[in-house]
Amino acid sequence: MAAGGTGTAARKQYPPSPPGRGEEDKQNVTTVVDWLTAETGVGEFAVRQVVEYIAAQHGAIGLVPSQRRIVFERFFDESGGMQLVIHAPFGTRITRAWGLAMRKRFCRSFDFELQASADDDGIVLSLGPQHSFPLESMFGMLNPRNVQQLFEQAVLAVPTFQTRWRWNVTRALLVMRMEHGKKVPPPLQRFRADDLLTAVFPKLTGCQENITGDHELPDHPLIQQTMEDCLREANDIDGVRGVFERIERGEIELIARDTREPSPFCYELLNSNPYAFLDGGEAVERRARAVATRRSLTVESVQDLGWLDPEAIAQVRAEAQPLVRNADELHDALLSRIVLPADEGREWTAWFDELVAQGRATNCRLPIADCRLDGNGDASERTELNRKSEIGNRKSTWVATERLPAALAAFPDAIASPPVIVPAEVRRDWDDVSARVAMLRGLLEVCGPITGEAAAERVGITVSQADAALEALEGEGVVLRGRFENSNCRLPNADCRFEDAASADDNSELNQQSEIENRKSPEWCHRRLLARIHRLTMEGLRRQIEPVGVDVFVRFLTRHHGVLPVSRRSGTNGLFEVIGMLQGLDIPAVAWERDILPGRLDKYQLEWLDELCLTGEVGWGRLFPPTNRDPEKSRPMASLTRVVPMSVFLRSDLDWLQASAINPGTGDLSSPAREVFELLQTHGALFAADLLNHTRMLPTN
């Protein structure tokens, strides 16, 4: 398609303006539909579906993936894990090779086998709870120099290699399909092919627990041919290498997106068929199946995928605070936090004094850390900081006795008052790095999303020390970085550059906004707390569309139909509105002016309905006559009683009401009725005297 083409010709064929960017783009939908219909020759209905689908994706993440723009999208699933979707529309032969190489790269980096799938439009990697890393770090995991070697090692463990091996040994007549004039059973052919593979490549079929390092391919023509088929026939390794070469040259842009739920282009990948799996897992065991997706797509409904509910963040932050009801629970909180600023625990002062009296805690006075001064500051700045500390400019913190060695390792100049005796059985071999990591771990478990500067200020260390400790926690899979508390509908880094020159001003404005977002400090959040924030956000969105209770619905109906005295209508205009809401309902004829209309209209008068009928605005009749009546066993006028179901309707809506009504047909009519029906169809409406003259019937009939 033109969206994935390169060069001047492809740009000339690009549509005038893509939809989904606001009210001005909705006006261009017709132009886009006309352009796409002329280019593809597809019907307008299908083209509109395509346009709405692409517009929803553009509204969700701010751009549409193409062969010049690859998007890495990550979001939580219902199990607490995360899904990584790489939107790369290069075809299955490239994405499968890319996915296998990426899966092998993950295995070597994190020592963990991932579930993965790939189809024509991208790759899905199912990440576990232990995987926590900045999404941008995925960009450099593969390059033109290592992708083929990783793919060769990965393809040896998937059925593709064994299948191609059996093809080659069969074509080489090393495994016979026919023997003694009879066909060799396929299982027997497979066993013989596997035996040949063991003889030629024993390291591959042997016990893998005794194998270390990469598999070296034997210098055997069939092995070499099989690998060549896997590289360039079943897959396209040259195309994969070409993609990464274009990435290095800057011809392809890589964009990262963290969303709370999958964007529309992810749905097909998440629900891919078993032939797209890159591992041996079953369909029912896929972690990708644990992702909740929307049932319908509109641009408006997916424009806020980067938004997290501030109320959910506040709720999780409040619930994460330690529950302190006595001195023992305060001691447990101090063991986790290591150092707790005295101003944060002001309401627990009485219990802290109790711990101090028991020798279980102490007041540790720390030097005030200048957040602008990192470990590389010059000697004069450090001397000034030390001078301020010496004259008593210190921060009061609470420290449990068991954690005093960690506090002293992080703050060698700290002063404990009163002095305490550290038990011999507790850990004492703390260094400054591990102590800072432990302090930030305890802080992030209770504080929710926080910037590195704020975390450094609360712990009492420099910003560079806090950043190093947070990155260490990120490597352990404990925290995630991003923009959580200040998230909005349009995700950061939204690249909305189009080929249309008319949108240049909009693009420059959006790019300027992206640069402002990029300059903001990233926030850090504990993975467990972030998963709860995502879950509460999704639950809040679902509550907005969940059905109301029966009592609420009944109260709405009574107010909407004017049954309550305070909401009743009046006059012929009110009667017209009431009939518009009740038209199509078959209600006993006597109930209309006895119960239904007086119960909805204030001071109802019979003349109102007559006036509307005489002016031609309202009609009445039987829209749904019975179809199971035996005309030979009942008289024609037997059903016309006061309780016969009757409809009152607006004559302007009679066409669609009759279209939905059941046509009884002439088969259920008696012979006289069928004669009258045919006469009315031929001559139109007739008076009773005319019907008697034409049919020669008696008036009683």
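These numbers were taken from a predicted model, which means no experiment stands behind them. All residue numbers refer to positions in the sequence shown, counting from 1.
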Pairs where residues 175-200 contributes a residue and the test salt bridge (Lys or Arg N to Asp or Glu O under 4.0 Å) is met, not counting sequence neighbours: Glu179-Arg192

What residue pairs, at least two apart or across chains, pass salt bridge (Lys or Arg N to Asp or Glu O under 4.0 Å) with a residue in residues 148-163? none

Side-chain heavy-atom pair [X], [Y] within 4.5 angstrom cut-off:
{"X": "Glu474", "Y": "Trp524", "result": "yes"}
{"X": "Val147", "Y": "Trp98", "result": "no"}
{"X": "Phe151", "Y": "Val240", "result": "no"}
{"X": "Val478", "Y": "Leu444", "result": "no"}
{"X": "Leu269", "Y": "Ser272", "result": "no"}
{"X": "Met138", "Y": "Leu84", "result": "yes"}

Short side-chain to backbone donor-acceptor contact, [X] and [Y], under 3.5 Å:
{"X": "Asn235", "Y": "Cys230", "result": "yes"}
{"X": "Asn273", "Y": "Tyr275", "result": "no"}
{"X": "Ser117", "Y": "Phe277", "result": "no"}
{"X": "Glu44", "Y": "Val33", "result": "no"}
{"X": "Glu52", "Y": "Val47", "result": "no"}
{"X": "Arg257", "Y": "Ile61", "result": "yes"}
{"X": "Glu73", "Y": "Thr259", "result": "no"}
{"X": "Asp279", "Y": "Ala116", "result": "yes"}

Please round to the nearest 0.5 Å and tell me the distance separating atom [atom1] of [X] and atom [atom2] of [Y].
{"X": "Leu278", "Y": "Met102", "atom1": "CG", "atom2": "CE", "result": "11.5 Å"}
{"X": "Ile54", "Y": "Gln49", "atom1": "CD1", "atom2": "CD", "result": "12.0 Å"}
{"X": "Asp119", "Y": "Thr95", "atom1": "CG", "atom2": "OG1", "result": "6.5 Å"}

Salt-bridge contact [X]-[Y] (side-chain N to carboxylate O under 4.0 Å):
{"X": "Arg481", "Y": "Glu523", "result": "no"}
{"X": "Arg441", "Y": "Glu445", "result": "no"}
{"X": "Asp120", "Y": "Arg96", "result": "no"}
{"X": "Arg241", "Y": "Glu245", "result": "no"}
{"X": "Arg145", "Y": "Glu248", "result": "yes"}

Using side chain to side chain contact (heavy atoms under 4.5 Å, CB included), reason through Val42 and Thr37 one step at a time and then give a plain yes or no. CA-CA 6 Å; Val42 181; Thr37 303; over 6 Å; no

Fit a plane to each ring of Phe265 and Tyr53, take the angle between them on a 0 to 90° scale, and name the class: parallel (under 30°), tilted (30 to 60°) or perpendicular (over 60°). tilted

Start with the C-alpha gap between Val50 and Thr40, add the side-chain angles, then the distance that decides, and say whether side chain to side chain contact (heavy atoms under 4.5 Å, CB included) holds. CA-CA 12 Å; Val50 172; Thr40 62; over 6 Å; no

Which side-chain N or O atoms in residues 154-169 pair as donor and acceptor under 3.5 Å with protein atoms at least two apart or in another chain?
unit_1: Thr163; atom_1: OG1; unit_2: Pro159; atom_2: O; d: 2.9
unit_1: Arg164; atom_1: NH1; unit_2: Glu233; atom_2: OE2; d: 3.1
unit_1: Trp165; atom_1: NE1; unit_2: Ala193; atom_2: O; d: 2.9
unit_1: Asn168; atom_1: OD1; unit_2: Arg171; atom_2: NH2; d: 2.4
unit_1: Asn168; atom_1: ND2; unit_2: Arg164; atom_2: O; d: 3.1
unit_1: Asn168; atom_1: ND2; unit_2: Thr226; atom_2: OG1; d: 2.9
unit_1: Asn168; atom_1: ND2; unit_2: Asp229; atom_2: OD2; d: 3.4

Which residues pass the side-chain contact (heavy atoms from CB on, under 4.5 Å) test with Met176, sequence neighbours left out? Leu173

Just jot down the side-chain contact (heavy atoms from CB on, under 4.5 Å) partners of Pro202, sequence neighbours excluded, or say none. none

Taking salt bridge (Lys or Arg N to Asp or Glu O under 4.0 Å) as the definition, give me every residue that meets it alongside Arg108, ordered by chain and number, with sequence neighbours left out. Asp214

